[in-house]
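Computed from heavy atoms alone, side chains included, the values below leave out hydrogens, waters and symmetry copies. Just so it is clear: chains get the letters A, B, ... in the order the sequence lines come, proteins before strands, and each one is counted from 1.
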There are 2 protein chains.
Amino acid sequence: MTQKIADEMDRRILKELVADARITNNELAERVGLSASPCLRRIRRLEESGVIRGYTALVDPVIEGWTMTAIATVRLSRQHEDEIVMFEEAIRGWDEVLECHLVTGSRDYVLKVMSSGLEHYERFIKEKIARLKCVASIETSFVMNTIKERRI
Amino acid sequence: MTQKIADEMDRRILKELVADARITNNELAERVGLSASPCLRRIRRLEESGVIRGYTALVDPVIEGWTMTAIATVRLSRQHEDEIVMFEEAIRGWDEVLECHLVTGSRDYVLKVMSSGLEHYERFIKEKIARLKCVASIETSFVMNTIKERRI
DNA sequence: CTTGAAATTCCCAGATA
DNA sequence: TATCTGGGAATTTCAAG
């Protein structure tokens with residue numbers, strides 16, 4: 001499916017676009033050592049083959065009111081397929097949840113949650129997570145400092 | 001510093017740019033219901049005030065050879081300032097580490113690590129993490145499924 | 001709204017298999 | 001030869017004062 005293996009030129013283009021997605025095609029072409037049209041053709045090919053999934057603006061989370069980050073580990077009590085589906089659906093719908101991964105071990109989920117503060121976080125846990133029937137326990141670690149945070 | 005509070009129009013602009021950072025200014029202006037020049041002025045203001053930190057391309061991790069994700073929890077043994085600095089410096093330099101957060105509790109770090117497979121992961125732990133003097137213990141959970149993964 | 005720049009399309013040339 | 005990739009010109013669209 002992903003036989004579109006990027007050659008050296010593609011890698012250079014990807015690197016530039018990761019560093020600045022709003023660079024103009026002309027500028028990009030010059031940086032990687034191509035002329036404009038083949039450069040644009042490569043970008044399109046990378047987009048269409050799914051190597052480039054999209055482009056996004058990086059917005060300061062504080063502006064959006066998110067000032068506190070937490071890592072929550074959720075353990076499920078029951079394993080009914082439909083309850084798990086409901087759990088995952090709910091997670092996807094909540095803006096506070098930045099990430100949610102199903103991990104090995106017992107059926108555990110690791111969540112990265114953003115909130116506007118402790119009160120907001122408490123409400124999120126009490127009124128959203130804890131109300132899901134299949135949730136057995138929740139454990140929270142608050143993020144004191146973020147050493148590194150790369151994009152996907 | 002971040003007194004540049006986004007109004008409703010700014011929020012709409014941010015939403016569009018998060019969804020597609022390579023949209024043209026004209027298209028963006030039309031979508032948010034502005035004409036081109038005030039729209040561009042707002043973008044510049046959002047960029048200059050730091051609300052927009054940058055723009056990036058989202059590249060399929062599989063293309064780059066990352067096929068396995070793990071959540072590792074690292075506990076430090078000693079608390080010497082300089083060892084912690086060294087730990088964090090090392091973490092920042094390793095491509096495998098996507099995220100690293102210092103969390104509450106005992107001095108623990110939560111890491112999101114990408115690798116090309118189990119062998120690569122084992123090598124990463126043995127040859128990089130475990131060799132850091134201040135590391136007391138490491139616990140790994142492998143990601144079986146990612147339910148949600150939003151950008152910052 | 002106008003001017004200059006960029007994106008995009010089209011066609012041709014050279015390399016490769 | 002058939003195919004792939006780069007280059008340049010022409011046209012449309014966009015940026016920016």
Any idea how A:F142 and A:Y121 line up, ring-wise: parallel (<30°), tilted (30 to 60°), or perpendicular (>60°)? perpendicular
Check: A:I125 main-chain N/O paired with A:R131 side-chain donor or acceptor under 3.5 Å: no
Nearest whole angstrom, please: distance from the P of C:dC10 to the CG of A:L40. 13 Å
For A:I71, is there any backbone N or O sitting under 3.5 Å from a side-chain donor or acceptor partner on A:K112? no
Rounded to the nearest Å, what distance is computed from the CE atom of residue A:M9 to the P atom of nucleotide D:dG6? 7 Å
Tell whether A:R41 reaches the base of D:dG7 with its side chain through a donor-acceptor pair below 3.5 angstrom. yes
Trace of the side-chain contact (heavy atoms from CB on, under 4.5 Å) decision for B:V97 with B:F124: CA-CA 10 Å; B:V97 182; B:F124 171 74; 3.6 Å; yes
Atom CD of A:E27 and atom P of D:dC14: how far apart are they, to the nearest Å? 21 Å
Send over the distance from A:I23 CD1 to D:dA15 C1', rounded to a whole Å. 17 Å
Please identify each residue that fulfils side chain to side chain donor-acceptor pair (under 3.5 Å) with B:R31, with sequence neighbours left out. B:E16, B:E27
A:E30 has an atom CD; how far is it from atom C1' of C:dA7, in whole Å? 16 Å
D:dT13 OP1/OP2 closer than 4.0 Å to side-chain N/O of B:N26: no
Whole-Å distance between D:dT13 C1' and B:R22 CZ? 15 Å
Can you give me the dot-bracket string for DNA chain C, 5' to 3', counting Watson-Crick and G-U wobble pairs with both distances under 3.5 Å, using [ ] for crossing pairs and | for partners on another strand? |||||||||||||||||
Would the base of D:dG8 count as contacting A:S37 through its side chain, where contact means a donor and an acceptor less than 3.5 Å apart? yes
Take the protein atom CZ of A:R12 and the nucleotide atom P of D:dG6, then report the distance between them rounded to whole Å. 11 Å
Of the listed nucleotides D:dA15, D:dG7, C:dA7, the one nearest the side chain of B:T24: D:dA15
To the nearest Å, give me how far apart CD1 (B:I43) and P (D:dA15) are. 8 Å
Result of checking A:M144, A:K148, A:E149 against B:H101 for side chain to side chain contact (heavy atoms under 4.5 Å, CB included): A:E149
A:R44 vs C:dA7: side-chain N/O to OP1/OP2 distance below 4.0 Å: no
Under 3.5 Å, is there a donor-acceptor pair between the A:E47 and A:Y55 side chains? yes
